[in-house]
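Report on the following structure.
Position 1 is the first residue of the sequence, and the numbers go up from there. These values consider heavy atoms only, across backbone and side chains, with no hydrogens, waters or symmetry-generated copies.
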Amino acid sequence: MSVSLYRVKFARTILLMQLVTFVVISALFAVYDLSWGGSALAGGLAAWLPNVLFMIFAWRHHAGHEVTGRLAWTFATGEALKVLVTVLTMIVALGVFKAALLPLGLAWLSVLIVQIVAPAVINNKG
């Protein structure tokens with residue numbers, strides 16, 4: 001298996017783990033209150049959607065190919081895109097849909113924790 005293909009599968013695995021995390025958390029909050037479930041879903045999306053967009057951006061700019069001088073600018077642009085999408089998603093969730101802060105924040109943090117912990121778990125497993 002090529003290194004580039006391995007990186008794509010690795011990234012997809014982490015994104016899938018994040019998706020499952022916030023969907024499960026949203027379902028658990030929805031048992032308590034449906035609006036809390038929606039708030040948790042919005043919080044999870046605020047963390048997951050920017051990661052998906054960053055991965056698409058990186059794949060389109062051939063992140064698995066040889067390193068050039070543009071790599072730092074591509075990474076910085078992708079990170080700026082992530083921050084912008086996160087802020088916009090949070091503004092929409094809190095301002096427009098009046099999401100509850102506790103489930104939104106917990107789901108958002110959970111997805112970020114999975115982003116940090118999942119690579120270590122996947123690497124130790126394989």
### Message
Tell me whether L81 shares a hydrophobic cluster with M90, the cluster being built from Ile, Leu, Val, Met, Phe, Trp, Tyr side chains joined at under 4.5 Å.
### Response
no
### Task
Apply side-chain contact (heavy atoms from CB on, under 4.5 Å) to L53 and K82, showing your working.
CA-CA 7 Å; L53 293 176; K82 278 178 66 171; over 6 Å; no
## Note on the structure
Value for CG (L41) from OG (S35), rounded to nearest 0.5 Å, stands at 12.5 Å
### Task
Could you tell me whether a side-chain N or O of N51 sits under 3.5 Å from a main-chain N or O of A47, the two making a donor and an acceptor?
yes
### Message
As an exercise, state the distance from CG of L101 to CG of L106, rounded to the nearest 0.5 Å.
### Response
9.0 Å
#### Entry: Cluster overlap W108 with L45, hydrophobic side-chain contacts below 4.5 Å
no
### Query
Within a strict 4.5 Å, meaning less than it, do heavy atoms of the W36 and L102 side chains meet?
yes
### Task
Give the C-alpha distance, both sets of side-chain angles, the deciding distance and a yes or no for side-chain contact (heavy atoms from CB on, under 4.5 Å) between Q18 and L112.
CA-CA 8 Å; Q18 290 175 333; L112 293 180; over 6 Å; no
### Message
Does the plane of the ring in F54 sit parallel, tilted or perpendicular to the ring in F75? Use 30° and 60° as the thresholds.
### Response
perpendicular
### Query
Only one of I25, V20, L19, T21 forms a side chain to side chain contact (heavy atoms under 4.5 Å, CB included) with V23, so which one is it?
L19
### Message
Do I14 and L49 sit in one hydrophobic cluster, given that two such residues count as connected whenever their side-chain heavy atoms are within less than 4.5 Å of each other, even indirectly?
### Response
no
### Query
Does W48 reach the main-chain N or O of L15 with its side chain, forming a donor-acceptor pair under 3.5 Å?
yes
### Task
Of all the heavy-atom pairs spanning T86 and P50, show the shortest one and how long it is.
OG1-CG, 3.1 Å
### Message
When you measure from the side chain of S39 to the backbone of A99, do you find a donor-acceptor pair of N or O atoms at a distance under 3.5 Å?
### Response
no
### Task
Report yes if the side chains of L16 and R12 come closer than 4.5 Å at any heavy-atom pair, otherwise no.
no
### Summary
Closest heavy-atom pair, A42 versus A93, reported as atoms and distance to 0.1 Å, is CB-CB, 3.7 Å
#### Entry: Gap between atom CG of L104 and atom CZ of F22 - 0.5 Å precision
11.5 Å
### Side chain proximity check, F10 to P119, heavy atoms < 4.5 angstrom
yes
